[in-house]
Amino acid sequence: VAGGATDARGTYIAFPASYTNSTATDQLIVLTVTGRWTEPNTPALAHNTSRTNTADFTFTTTGGTEITRTGTAAVQLVLPSPTLAKAVVSPTPVPAAYQANQIVTFRLTAGNAANRPTAYDTWVVDCLPAGLAYVGPVGTPAGTVQTGVGTGTGAAGNGCAVGTTWIGWHVGDLAAGPTLAKTFDYQVQIDPTAVAGAGYTNTATANAVTIPANRTSPTQAGPEGSRTVVSPNRSVTLRIDVPTVTKEVTPNRANVGELVSYTVTMRVPAGINVYKSVLRDTVPAGLDLSTLTTTGLSCDYETLSGTLCTDVPVAAPTVSGRTVTWDVGTLAADPEVRIVTLTYTARVADVTGNVGGATVDNAVGANWAPTETGVVPGGTVASTRATARVTVTEPVFSAIKTVSNTTPEPGETFDYTVTIFNVSGSSSGPAYDVRVTDTVPVGVVIVPASLPAGVVLTGADANGAGGVLTWTIA
């Protein structure tokens with residue numbers, strides 16, 4: 001049998017020009033053809049793609065009739081599906097935020113989805129950003145681990161950007177199913193100079209090939225015709241803790257002109273660096289900025305009573321427009337929690353809108369430089385702003401006047417009673433130096449001896465009638 005020829009219909013095997021089965025037994029001719037799925041395909045063929053292979057057997061009978069017999073066989077493409085998980089496993093419980101110089105343990109879990117073929121020659125690439133230093137594995141990982149510097153994410157690189165640390169975990173072959181996954185635990189150390197609020201994101205990915213291989217690097221191509229299958233990226237971000245700011249005001253209800261006192265507290269968690277930190281307060285129009293007076297600025301340890309922080313801030317603020325800034329200074333990482341306390345006073349301003357029931361909200365926040373030598377950004381604060389509210393109050397007066405005899409005879413004595421009220425309510429406030437006047441009707445003569453102490457009669461006529469009564473309620 002001649003073979004290996006190709007025509008427009010495909011590859012064919014040619015039998016002799018004439019073939020006769022001269023035996024009494026049917027003859028079975030078996031032709032085995034071996035093929036494989038190959039890459040590249042554009043677009044790439046998906047898992048479970050089916051292709052049908054058709055074979056024709058064509059012959060001519062002794063009578064000259066051409067006959068074709070056709071058979072088909074379907075084959076289905078199956079692909080591995082490498083999976084990857086990345087998580088923090090220490091410290092426990094996993095914190096919401098981290099400290100400078102802290103040791104953290106990551107766990108990489110590489111697997112292959114259920115009901116898939118073997119993921120051959122699996123590699124995991126994990127890229128540590130600047131600020132996270134690789135310490136080493138915890139225990140003995142499955143497979144082998146290499147480390148180095150990132151050389152780029154392009155075709156010539158190792159999959160990690162320049163400036164990062166490259167971790168290459170050669171897992172090997174992974175059978176399907178979650179129970180057959182393999183893990184690799186390793187430790188990193190956060191930069192001891194890490195600033196509050198800094199975030200360090202590291203991203204890992206896994207790849208495998210569809211047929212057996214032994215690649216020396218994760219970026220090396222697989223055997224000819226194979227496909228490299230890649231998992232989704234998995235990222236974990238370690239974010240450094242930040243100070244929290246709270247603010248209180250006493251009293252929180254005040255008349256126009258009254259002095260109120262604010263207390264701002266910045267709690268600096270243990271183990272974080274706060275460079276060139278400031279407290280910024282945007283003073284609203286409802287407060288008289290010219291009356292603002294700093295009464296204290298200090299830094300104390302939260303659990304060490306009476307002990308001052310190493311860095312004691314300066315109390316004098318700077319003013320720009322209605323923004324007041326207090327320089328707290330650099331608070332380098334410390335194993336203890338620190339409390340910065342700022343106190344100042346200001347008067348409620350006599351301005352339009354500051355009437356009973358109005359509110360004056362005053363917000364403060366903290367900010368700091370991104371590095372030891374950096375510049376503190378203006379405007380937007382790095383911490384959550386804290387607000388204290390003052391409700392404006394004012395006196396609400398009511399007066400009642402009664403007379404003991406509404407129809408007195410000429411010369412008859414009678415009494416007036418005047419009662420002044422400061423009505424209580426949600427927007428009423430105390431009244432100071434209250435002055436009351438009462439105009440005496442013409443024809444009524446006030447008996448001077450009946451007047452309470454402090455009440456003065458002026459403007460009476462020659463007979464002592466009429467006039468104006470005035471008195472002051474302290």
Side-chain angles (χ1 to χ4, degrees), residues 245-266 279-298 315-326 340-366 381 384-402 416-439 451-458 468-474:
V245 177
T246 58
K247 185 173 189 178
E248 297 178 347
V249 60
T250 304
N252 60 6
R253 294 165 52 84
N255 288 358
V256 168
E258 282 194 310
L259 198 67
V260 292
S261 178
Y262 291 95
T263 299
V264 176
T265 301
M266 179 173 74
L279 287 169
R280 285 202 181 109
D281 195 315
T282 304
V283 180
L287 292 178
D288 185 347
L289 180 58
S290 68
T291 66
L292 189 147
T293 302
T294 303
T295 55
L297 182 56
S298 62
T318 58
V319 180
S320 176
R322 298 197 68 86
T323 299
V324 181
T325 302
W326 287 266
V340 175
T341 304
L342 164 68
T343 56
Y344 65 91
T345 59
R347 293 191 183 278
V348 178
D350 186 7
V351 294
T352 302
N354 265 4
V355 296
T359 55
V360 179
D361 291 336
N362 188 9
V364 67
V381 298
T384 302
R385 291 177 70 81
T387 301
R389 169 171 289 182
V390 173
T391 300
V392 179
T393 57
E394 56 187 4
V396 181
F397 287 116
S398 177
I400 299 175
K401 185 174 184 179
T402 61
Y416 285 113
T417 302
V418 178
T419 305
I420 304 298
F421 296 95
N422 185 4
V423 181
S424 63
S426 60
S427 61
S428 62
Y432 304 98
D433 196 27
V434 179
R435 296 186 180 186
V436 181
T437 61
D438 187 354
T439 302
L451 294 176
V455 179
V456 178
L457 174 63
T458 59
V468 177
L469 294 169
T470 60
W471 72 95
T472 300
I473 303 173

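Every value quoted in this text rests on a predicted model; they were computed, and no experiment measured them. Count residues from 1 along the sequence.
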Distance col, row Thr323:OG1 vs Arg280:CZ, nearest 0.5 angstrom, shows 8.0 Å
Looking only at heavy atoms, the pair that brings Pro395 and Pro430 closest together is CG-O, 3.4 Å
With sequence neighbours left out, the residues meeting ring-ring contact (aromatic ring centres under 6.0 Å, His included) with Tyr344 are Tyr262, Trp326
Q.
Taking the side chain as everything from C-beta on, heavy atoms only, tell me whether Val324 gets closer than 4.5 Å to Leu292.
A. yes
When you look at Asn252 and Val390, which way does the side-chain contact (heavy atoms from CB on, under 4.5 Å) test go after all the steps?
-> CA-CA 5 Å; Asn252 60 6; Val390 173; 5.5 Å; no
Hits for side chain to side chain donor-acceptor pair (under 3.5 Å) against Arg322, two or more places apart or cross-chain, chain-then-number order -> none
Smallest heavy-atom separation, Ser398 atom then Val423 atom, equals CB-CG2, 3.9 Å
For residues 416-435, the side chain to side chain donor-acceptor pair (under 3.5 Å) pairs (sequence neighbours left out) are Glu258-Tyr432
Closest non-hydrogen contact found for Val249 with Pro251 is CG2-O, 3.7 Å
So the side chain to side chain donor-acceptor pair (under 3.5 Å) pairs with at least one residue in residues 282-292 (sequence neighbours excluded) are Thr282-Arg385, Asp288-Ser290
Quick one, Val456 and Leu451 - any side-chain contact, counting heavy atoms below 4.5 Å? no
Using side-chain hydrogen bond (donor to acceptor under 3.5 Å, both in side chains), reason through Thr295 and Thr343 one step at a time and then give a plain yes or no. CA-CA 5 Å; Thr295 55; Thr343 56; 2.8 Å; yes
On a heavy-atom basis, the closest approach of Val360 and Pro284 is CG1-CG, 3.5 Å
Sorted by chain and residue number, the ring-ring contact (aromatic ring centres under 6.0 Å, His included) partners of Phe397 (sequence neighbours excluded) come out as none
ask   = Can you tell me if Asn354 uses its side chain to pair, donor with acceptor, with the backbone of Ala349 under 3.5 Å?
value = yes
Looking only at heavy atoms, the pair that brings Arg253 and Gly425 closest together is NH2-O, 3.6 Å
So CD1 of Ile420 and CD1 of Ile400: to nearest 0.5 Å the spacing works out to 9.0 Å
Residues at least two apart in sequence or cross-chain that pass side chain to side chain donor-acceptor pair (under 3.5 Å) with Thr391, listed by chain then number, are none
Checking side-chain contact (heavy atoms from CB on, under 4.5 Å) for the pair Asn255/Val348: CA distance, chi angles, key distance, verdict? CA-CA 7 Å; Asn255 288 358; Val348 178; over 6 Å; no
When rounded to the nearest 0.5 Å, the distance separating OG1 of Thr387 from CG of Asn362 is 8.0 Å
Apply side-chain contact (heavy atoms from CB on, under 4.5 Å) to Thr246 and Thr263, showing your working. CA-CA 8 Å; Thr246 58; Thr263 299; over 6 Å; no
In sequence, state the C-alpha distance, the side-chain angles, and the governing distance for Val256 and Glu394, and then conclude on side-chain contact (heavy atoms from CB on, under 4.5 Å).
CA-CA 7 Å; Val256 168; Glu394 56 187 4; 6.0 Å; no
On a heavy-atom basis, the closest approach of Leu289 and Gly321 is CD2-O, 3.4 Å
